[in-house]
Amino acid sequence: MVDRAETPLNRRRFLSAAGLAGAGLATGALPSRAAEPDAAITDVQDWNRYLGEGVQAHPYGSPSKYEKNVVRRDVEWLTASRESSVNFTPLHALDGNVTPSGLAFERHHGGIADIDPAKHRLMIHGLVDKPLVFTMDDLKRFPGRVHKLYFLECAANSGMEWRGAQLNGCQFTHGMIHNVWYTGVSLRSLLEQAGVKTNAKWLLAEGGDASMMTRSIPLQKALDDCIIAWGMNGEALRPEQGYPVRLVVPGWEGNMWIKWLRRLELGDEPWQAREETSKYTDLLADGRSRRFTYIMDAKSVVTNPSPQAPLLHKGPNVLSGIAWSGRGRIERVDVSLDGGRNWRTARLEGPVLSRSMTRFYVDFDWDGRELLVQSRAMDETGYVQPTKNELRAVRGVNSIYHNNGVQTWFVHKNGETENVEIS
Ligand SMILES: Nc1nc2c(c(=O)[nH]1)N[C@H]1C(S)=C(S)[C@@H](COP(=O)(O)O)O[C@H]1N2
Ligand SMILES: [Mo]
C-alpha cells in the first residue's frame with residue numbers, strides 16, 4: 001500500500017478541464033504476466049522453511065505488520081488539543097462498505113471517557129409518565145433487539161475545503177466518516193416504556209464524558225429510527241466510539257450521535273445547546289446562520305486513485321470509491337475522468353442499504369494521460385450531489401459544515417495524484 005501523505009499539505013490549486021481527453025473503458029490485455037524464472041517462486045522463502053507462531057500468540061488479533069501504514073491519522077495544526085480533536089479513517093486503504101472498528105475515525109471534545117459498564121446508567125426523564133433508569137444489563141435484556149449498518153459522517157467532513165483544495169488525501173478530505181454495524185434497542189421501545197407525554201416534542205441526549213455533550217433531537221426522529229447501541233461490528237463498542245453505549249441517529253450529522261450516553265430528557269422545545277448554536281450551524285454568504293441542518297445529503301468520493309493511492313501502472317486499473325446519503329439508498333454513481341465533460345455510470349457492489357455507505361467500481365484502461373477524476377452520487381429521492389461551485393452559490397465560503405460538493409483528483413502523467421479544483 002503506497003502511503004505518501006504522512007503529512008497533508010496546504011494547497012490552493014485550480015485547474016481547467018480543457019485539453020484532457022477521456023481515458024478508455026477497459027478493453028486491453030488483463031494484468032497478468034508470462035511465466036518466467038522468478039526468485040519469488042524458485043527460491044525457498046523463510047515462511048516456507050520455518051514454523052509460524054502457534055495459536056494464542058495473539059488472543060486478540062491485529063493486522064499484518066506489512067499493513068502498518070493503514071492507520072487513522074490526525075492533522076496536527078487543525079485542533080489545539082488532542083482531547084478535543086479528530087482523526088481520520090484511511091479511506092484510500094479500505095474496500096467494501098464496512099469500516100474496521102480499529103480504523104473508524106474518532107471525534108471527541110473531552111477525551112475518551114473510561115466508563116465501567118457496571119457503574120453506567122441511562123436515565124430517561126422530563127415529559128414522561130414514568131422516569132426510568134437502565135443498567136447495561138437491563139438494556140441488553142430489552143426485547144426487540146436491532147442490528148443495522150449505518151454511516152456516521154461528521155458535519156465538518158470536507159469542511160476545510162470550502163475555499164479551495166486544501167488537504168492532500170481522501171483520508172483527510174473525506175475521512176470523518178465510518179460505516180459500521182450497530183447492535184442495540186430502538187429508542188422508541190425505551191420511550192414507550194417510559195410513556196411520552198403528549199406535549200413532548202424534543203429530546204435532549206447527554207454524554208457521560210468530560211465534555212458532557214448535549215444535543216436536542218426532534219421527538220419524531222427519536223421515535224422513527226434512532227438506536228441505543230452497545231454493539232459495533234459484532235462486538236462491544238470501542239471506547240473511542242462511546243463504550244458502553246451511544247445514540248445512533250441514522251442519516252443525520254455525526255454530532256447528534258451522543259457517545260457515552262447517560263441521559264435522555266423529554267421537553268417541548270430545543271435546548272439551544274452549544275453544539276447546536278455556536279457550533280454545527282451553517283454560516284451563509286450574507287452573514288446569517290442556518291441552524292438545525294440535520295440530514296447529511298448525498299455525497300461520494302473516489303478513494304482509488306487518490307493522493308495517498310496514486311496510479312502505479314498503465315493499462316487496466318480499478319477505480320473505486322464510496323457514496324452515501326442521509327435520505328436513503330444510493331441510486332446511482334457517475335464517474336468522470338476528464339473533469340466532468342464525460343460521465344460513465346459506476347457499478348455498485350455489495351449491499352446497497354438506506355443511509356449506509358455504498359461501494360462503487362469502474363474498470364478502466366489508463367494510457368498515461370493526465371486525468372481529472374470525479375464522482376457524483378444520486379440517491380433514491382433523485383437528489384444529485386452538487387459541484388462545489390453550485391454549493392458556494394447558495395452557501396458562500398464562510399461555512400464549515402455540510403460540504404458535500406464533488407471532489408476532483410488530478411492524476412499526473414507519472415500517476416501521482418493531487419487534490420485540485422476545476423475553475
Ligand atoms: N459524548 C460525546 N458524544 C459525541 C461527541 C463528543 O465529543 N462527546 N462528539 C460528536 C461528534 S462531533 C461526532 S462527529 C461523533 C463522532 O463519532 P465517532 O467518534 O464514533 O467517529 O460523535 C459525536 N458524539
Ligand atoms: Mo462532528
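The first residue of the sequence shown is numbered 1, and numbering continues consecutively from there. Start at 1 and go down the list; that is how both ligands and their atoms are numbered.
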Ser158 and its side-chain hydrogen bond (donor to acceptor under 3.5 Å, both in side chains) partner, picked from His402, Lys299, Gln407:
Lys299

Any idea which residues sit under 4.0 Å from ligand 1, heavy-atom distances?
Phe105, Glu106, Arg107, His108, His109, Leu152, Cys154, His178, Gly207, Asp209, Ser211, Met213, Glu240, Gln241, Arg246, Gly254, Asn255, Trp257, Ile258, Lys259, Trp260, Tyr280

Identify whether NZ of Lys or CZ of Arg in Arg392 sits under 6.0 Å from the centre of the six-membered ring of Trp162 and within 45° of that ring's axis.
no

Using the ring centroid of each side chain, check whether Tyr182 and Trp257 are separated by less than 6.0 Å.
yes

Hey, do the aromatic rings of Trp202 and Phe292 have their centres closer than 6.0 Å?
yes

Between Glu265 and Arg263, is the closest basic N to carboxylate O distance under 4.0 Å?
yes

Salt-bridge criterion met for Asp95 and Arg359 (N-O under 4.0 Å)
yes

